[in-house]
Amino acid sequence: MSQPYIEHVNVTVRSPERAAKLLGDLFDWHVRWEGPARDGGRTIHVGDERTYLAVYTPPETPDQAIFEKGRPLNHVGILVDDLDEIERRVVKAGLIPFAHADYDPGRRFYFLDHDGTEFEIVSYA
């Protein structure tokens, strides 16, 4: 049996189109699939050939409270080769990088997307 890995994470967003565009712009990911969700909502799968984020919106406008930090998701960690390039893309998207740190074995920073989901961007290069 091959080593298990996380194939996808499903995150609720206000606009799956906006979220998919941001993820594509930041990480050079592409839309793998898009369409109706099983409950009448809409989902877009954006990532690479192996893994992706499913950005989902329910049929009714989501309650603002679900977008509070840490409810229940703390952050999504994305491993990149060029931390500085991704930070430039984050800033270009109008988002604010924070909590920069160098630690053994790498470097990292965080940002909140348009819906308040926190991303940790890390590089071991």
Side-chain angles (χ1 to χ4, degrees):
M1 182 167 109
S2 65
Q3 180 65 31
Y5 66 93
I6 296 173
E7 187 236 5
H8 77 274
V9 173
N10 187 313
V11 180
T12 298
V13 298
R14 291 181 187 90
S15 168
E17 293 78 14
R18 178 179 67 183
K21 180 178 179 342
L22 176 66
L23 294 168
D25 290 348
L26 294 180
F27 306 118
D28 296 326
W29 289 348
H30 65 274
V31 172
R32 295 170 38 134
W33 178 86
E34 60 183 295
R38 69 176 185 206
D39 65 354
R42 177 163 167 69
T43 301
I44 299 176
H45 296 177
V46 60
D48 61 23
E49 299 313 313
R50 184 171 179 187
T51 65
Y52 63 93
L53 286 179
V55 289
Y56 159 80
T57 193
E60 303 291 324
T61 303
D63 181 359
Q64 177 62 32
I66 71 165
F67 296 110
E68 293 176 15
K69 164 82 173 91
R71 188 174 179 186
L73 181 69
N74 288 313
H75 65 257
V76 175
I78 307 289
L79 178 65
V80 301
D81 289 330
D82 190 340
L83 194 73
D84 297 327
E85 174 58 25
I86 300 302
E87 184 170 5
R88 281 189 285 281
R89 294 178 186 189
V90 166
V91 170
K92 182 177 178 183
L95 303 171
I96 301 168
F98 63 91
H100 296 76
D102 292 346
Y103 67 105
D104 188 20
R107 299 171 45 221
R108 68 177 174 225
F109 73 88
Y110 297 79
F111 72 91
L112 301 176
D113 75 359
H114 301 290
D115 294 302
T117 299
E118 184 176 279
F119 287 81
E120 177 185 2
I121 309 304
V122 62
S123 177
Y124 302 124

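As the structure is a computational prediction, the values presented were derived from the model and not from experiment.
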Legend entry - side chain to side chain contact (heavy atoms under 4.5 Å, CB included) partners for Asp28, two or more places apart: Arg89
Inset, instruction - Applying side chain to side chain contact (heavy atoms under 4.5 Å, CB included), name anything that partners Pro62, two or more places apart in sequence or on another chain. - result: Thr12, Thr57, Pro58, Ile66, Phe67
Legend entry - Residues in salt bridge (charged side-chain N to carboxylate O under 4.0 Å, His left out) contact with Asp39, at least two apart in sequence or another chain: none
For [X], give me all partners under side chain to side chain donor-acceptor pair (under 3.5 Å), at least two apart in sequence or on another chain.
X      : result
Asp84  : Arg107
Glu49  : His30
His114 : none

Inset, instruction - For Thr43 and Trp33, work out which heavy atoms get closest and say how close. - result: O-CZ3, 3.7 Å
Legend entry - Nearest heavy atoms of Pro59 and Gly40, plus distance in Å: CB-O, 3.7 Å
Legend entry - Hydrophobic cluster membership, Leu73 vs Leu95, 4.5 Å side-chain cutoff: yes
Inset, instruction - Report whether Val9 and Val55 are members of the same hydrophobic cluster (ILVMFWY, side-chain heavy atoms less than 4.5 Å apart, transitive linking). - result: yes
Inset, instruction - Could you list the residues that satisfy ring-ring contact (aromatic ring centres under 6.0 Å, His included) with Phe109, not counting sequence neighbours? - result: His100
Legend entry - Connected-component partners of Tyr5 among ILVMFWY, side-chain separation under 4.5 Å: none
Inset, instruction - Linking directly or through intermediates, with side-chain heavy atoms under 4.5 Å: list the remaining ILVMFWY members grouped with Phe98, chain and number order. - result: Tyr110, Leu112
Output side-chain donor-acceptor pairs under 3.5 Å for residues 13-22, partner residues at least two apart or in another chain, one line each.
unit_1, atom_1, unit_2, atom_2, d
Arg14, NH1, Asp115, OD1, 2.8
Arg14, NH2, Gln64, OE1, 2.6
Ser15, OG, Arg18, N, 3.1
Glu17, OE2, Arg42, NE, 2.7
Glu17, OE2, Arg42, NH2, 3.4
Arg18, NH2, Asp115, OD1, 3.3
Lys21, NZ, Asp25, OD2, 2.6

Inset, instruction - Decide side-chain contact (heavy atoms from CB on, under 4.5 Å) for Val90 and Leu26; before the verdict, give the C-alpha distance in whole Å, the side-chain angles of both, and the deciding distance to 0.1 Å. - result: CA-CA 7 Å; Val90 166; Leu26 294 180; 3.9 Å; yes
Inset, instruction - Can you tell me which residue pairs pass the salt bridge (Lys or Arg N to Asp or Glu O under 4.0 Å) test with a partner in residues 3-13, sequence neighbours excluded? - result: none
Could you tell me the separation between the [atom1] atom of [X] and the [atom2] atom of [Y], rounded to the nearest 0.5 Å?
X     : Y      : atom1 : atom2 : answer
Leu23 : Asp113 : CG    : CG    : 7.5 Å
Tyr56 : His45  : OH    : NE2   : 12.0 Å
Leu79 : Arg108 : CG    : CZ    : 13.5 Å

Do [X] and [Y] touch side chain to side chain, with heavy atoms closer than 4.5 Å?
X     : Y     : value
Phe27 : Ile78 : yes
Val31 : Tyr52 : no
Trp29 : Val46 : yes

Only pairs under 3.5 Å count here: list side-chain donor-acceptor contacts from residues 118-125, not counting sequence neighbours, and write none if there are none.
unit_1, atom_1, unit_2, atom_2, d
Glu120, OE1, His75, NE2, 2.9
Ser123, OG, Val80, O, 3.2
Ser123, OG, Asp81, O, 3.2
Ser123, OG, Ala125, N, 3.2

